[in-house]
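One structure is given here, and the rest of the page talks about it.
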Amino acid sequence: MTTPAPADALLSVEDLRVHFRTDDGVVKAVDGVSWSVRPGETLGIVGESGSGKSVSAMTVMGLVPSPPATFPSGRIVFRGQDLLAADPADLRRLRGNDISMIFQDPLTSLNPVFKVGDQIAEVIQVHEKVGKRVARSRAVDLLGEVGIPNPRQRASEYPHQFSGGMRQRAMIAMALALDPVLLLADEPTTALDVTVQAQIMELLVKLQQDRGTAIVLITHDLGLVASHADRVLVMYAGKVAELADTETVFYEPRHAYTYGLLGSLARLDQRRTELLTPIPGAPPSLIRVPSGCPFHPRCAFATDVCREVVPALVEQDRAGHLASCHHSDQVAGAANGEQAARAAEEAARRTTALGEADTRPDAEPRPLRSDHP
Amino acid sequence: MGKFVVRRLLQMVLVVIGATMVLFACLFVIPGDPVGSLGGDRARDPATAQQLRERYGLDDPLPTQYVNYVGRTLRGDLGEDYRQRRSVNEILAPKLVNTAKLAAAAIVIDIAIGLFAGLIAAVFRYSFWDVLVTITTTLAIGFPTFVIGILLQKVFALNLGAFPLFGMEAGFPRAYVLPAFTLAIIDAALVARLMRGTMLEVLRADYIRTAFAKGLSKRVVVLKHALRNSIIPVVTYLGISFGTLMGGAIITETIFNWDGIGLALINAIQQQNNPIVIAVVTYSVAIFVVLNLVVDILYAVLDPRIRLE
Amino acid sequence: MATPDPNDPFPAPTAAGVPGTAVPGAPVVSATPSGPPAGGSVEPRTTSQLTDIRRRFFRNRLAVVGLGLITLLVVVAAFAPWLAPHDPLRQDLTNTLAGPSGEHLLGTDVLGRDQLSRIIYGSRVAIVVGLASILIAVVIGVALGAVAGYFGRFWDSLIMRVADVFFAFPLLIGAIIIIVVVGRGVLPVVIALAVFSWATVARLLRSSILSVRESEYVEAARSLGASRWRIVTRHVLPNSLAPVLVYATFNVGTAVVATSALSFLGVGVSPEVPEWGNMIAAGRGFVGVADYLWIFPSVAIVLTVLGFVFAGDGLRDALDPKLR
């Protein structure tokens, strides 16, 4: 069951299925997934390893080789063209030019035997008829733009001479060299130190503001998504669990998996004695996906129907909020309940604190320092 | 980079010194009459024996002998051939050139066939070509050089008469074909396997995925990005194998009566003409060591990660 | 086999039966970061590592063929006296250069000796020399390589310099020197080959140890308080020895070829010993006239070498945890 993509969507993935034929069976890496991105917005795709998030992005770029992959159904519509059915030459024209992708490990993603500047210049020269020198100088400018000091010198260096953060910046420079309208970022910060992570995300935000690029941010890090995504797509076992704008997903989840994910996060407003509630079990093998709802073996809300019937992706309380859970109401209730509980706690705590201060009417404001004589 | 070269040069010198020690030990120290092993049949006669003794300073203490030996070798004086009383260098120089010509032809075959075959096999994995290359290279390794030589001789020279049976008289290229192929086949097979394996590994790398993501065509990705990386171990292997071709050359030259230093070695052994034996071995070792140095430098040139430590 | 690697732009179709190759590596579906790693829906299997290795080896058809050829060689060598129809040394000058016949299945040579018997007995020389030389090379190489790799610094430099010296000699040339000095025969050939093979083993083991020593699972063991000895025997050695084992297997084949090459050139085993190289050298003069003289020993060599090459390949694939 797919919902029609919004008319102003830049890219829309419709009922995409990507299956791999292997010796042990068919691996259903992506099994009926739909999402879309509007110009300039940031869509976060979250899920565990093996949820199919990377594969769907790579399929957009046409980087999934076909055998062994097959595409039993689906369309990927970009500017009115179905990328899945497109001519390879057309696809190549788009890559790096209109749609770019950056990957997780910047060290292995850059060719070790070519200079960084040359690699960036290469993407320019592939798509535009410019000479080597011009491309090279644009590459230097780009390196400067992504915050690499001494860009002229750095452009003549090799990837192994860069630090991890710098390499990722170079990758970003390469990806945005031709001002694509869409950037797919597959775990761009996972391989980096925490402090560098923040810097890279900051860079991406700034570049997005400057250029109006839409970003699809693929990650398993919910915190990242919370602070940078406009909308969130939660994937599980190759299917869409939930799709909504960020606030809704975090405060009003309707899928048991989303609820479980959020519950397993450590939160600052948690009481210290409260236990983390991890989701029991492990993600399923994509060859033997559980019947019905793939999440049911690990789900606290599961009932018989969950084992038998695959839940459809339906609209929830408001437009644009989709979830595929038989018990979305229960989940909503639980989430609300928790919210209510936390809100009550907060209120109680605040009143106690305030109470002490305000019981004495018309009291003189207590001095902040005690002046003992 | 300069430091790197200097360091390797020093290492090379050490190795050569060590190798000469080994040679010296073999010939002079291992029990047996050194004069006997030096002089062959002629040395039995006491007068000649004494002459040789004095000439080669065999009555001197061992360390002195060794130093003299090394000194003479480094100066390029490898002694005189017994029979012809000519400087060994004089005799061997032209033969060395012949062997080098053969080895060069073999390397060309290695590159043309081996590298190319390996590349095709990797890029079109599991295709007919890949299977063909994999099977033939695996089989080729099992055939010793001399079997290949005799086989080629029989089929192409004897039966088909397309090429001369042996000797260099027919000149380039006809005389070169059979010996060069004999010398090259096993190496070419190894090069093909190495190229295929390296290429397969490189094609799985993340930076290849990035190259595609930039919109490069498959041809550019393979011939520019992948090849540049996979060629590194192959080139270094080729460099070393030029040295080992010296070993294979012995067999090939024997079979095809090719007037090179390998054939000279075998003949010298049979005639107990030891100065030639020592000289050929010294040449081989020296060439091998120099080639190793060249290969190391080449590796640094090709791989910036090594160069810019 | 979990999800095939989507990064592999040139992957296999259903990769099952291509001989000697393994399926490309794949990222394994990992446990959720927010939950305890439990069995999930994959049945847990408690097989030991050795069983896994054995299983992988036997699944590889070429490797099995190789093993079969090696076994054949060993059996023929062991039971030569019973298998050979004639005495390999017995000359019969009335029946020289006879083609294959009922009496002499593979013909007779220039001295009337039965070729088949000589080939059968030749397997003894091949296997003895091949195994012995490599065994010695491995023992020396492992010992020295281990010292160099584990104790580092001074020992490392010293041993590696010495190894470099031996590396400077191409195998055939080095072996020839030793033979020239010591004389021909089986023992000299064994020693000659061993002397110029140990260096590669040492270097291999050393680099293996160096990489294992710094690897994370060794650090983990150390941090758990494992004693140095335990680390060496349980962690470092088994993993470092794998490449050496593979190399050794391949090189028994190389040693057999080298032996026959040396004999062919006249600097190997003594000329009357039934050895394949010797036989080919003798048959060389009769190319085109009595081809059976050199063809059959050649086949024997090829089969033997291929046996070790296939088995070596199979061993390498079986030992490699990345299933390349």
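Here is how names work: the chains are called A, B, and so on, in the same order as the sequence lines, proteins then strands, and each is numbered from 1. Only a predicted model underlies this, so the values are computations on that prediction, with no experimental measurement involved.
Taking the side chain as every heavy atom from C-beta outward, Leu110(A) and Asp206(B) never approach each other to under 4.5 Å.
Distance CG/Asn111(A) to CG/Asn229(B): 4.5 Å, rounded to 0.5 Å. How far CG of Leu216(B) is from CD of Gln125(A): 10.5 Å, rounded to the nearest 0.5 Å. The structure places OH of Tyr207(B) at 13.0 Å from CG of Asp105(A), a figure rounded to the nearest 0.5 Å.
Only the side chain of Val126(A) comes within contact range of chain B, judged by heavy atoms closer than 4.5 Å. The part of Leu302(B) that comes within reach of chain A is its backbone (N, CA, C, O), which places non-hydrogen atoms under 4.5 angstrom from that chain. Neither the backbone nor the side chain of Ser100(A) comes within contact range of chain B, judged by heavy atoms closer than 4.5 Å.
Chain A forms the most heavy-atom pairs under 4.5 Å with one residue out of Ser217(B), Ala213(B), Ala211(B), and that residue is Ala213(B).
Figure legend: cation-pi geometry between Arg95(A) and Phe212(B) absent, as NZ or CZ is not positioned both under 6.0 Å from the six-membered ring centre and within 45° of its axis.
Panel note: side chain Thr210(B), backbone Ser109(A); a donor-acceptor pair is recorded below 3.5 Å.
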Step by step, work out the side chain to side chain donor-acceptor pair (under 3.5 Å) result for Gln119(A) and His225(B). CA-CA 10 Å; Gln119(A) 295 187 48; His225(B) 286 258; 5.6 Å; no
Evaluation steps, side-chain contact (heavy atoms from CB on, under 4.5 Å), between Met58(A) and Arg209(B): CA-CA 10 Å; Met58(A) 302 230 284; Arg209(B) 181 181 54 179; 4.0 Å; yes
One pair to check against side-chain contact (heavy atoms from CB on, under 4.5 Å): Tyr158(A) and Arg305(B). What are the steps and the verdict? CA-CA 8 Å; Tyr158(A) 292 89; Arg305(B) 289 170 289 190; over 6 Å; no
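For the residue pair Lys224(B) and Glu122(A), the shortest heavy atom distance occurs at NZ-OE2, 2.9 Å. Between Pro112(A) and Pro304(B), the shortest heavy-atom distance links the atoms O-CG, 3.3 Å.
Around the CZ atom of Phe71(A), the shell of radius 6.0 Å holds more than 12 heavy atoms that belong to other residues, nucleotides or ligands. Within a 6.0 Å radius of CZ in Arg152(A), other residues, nucleotides and ligands contribute 12 heavy atoms or fewer. Other residues, nucleotides and ligands contribute only 12 or fewer heavy atoms inside 6.0 Å of the CZ atom of Phe181(B).
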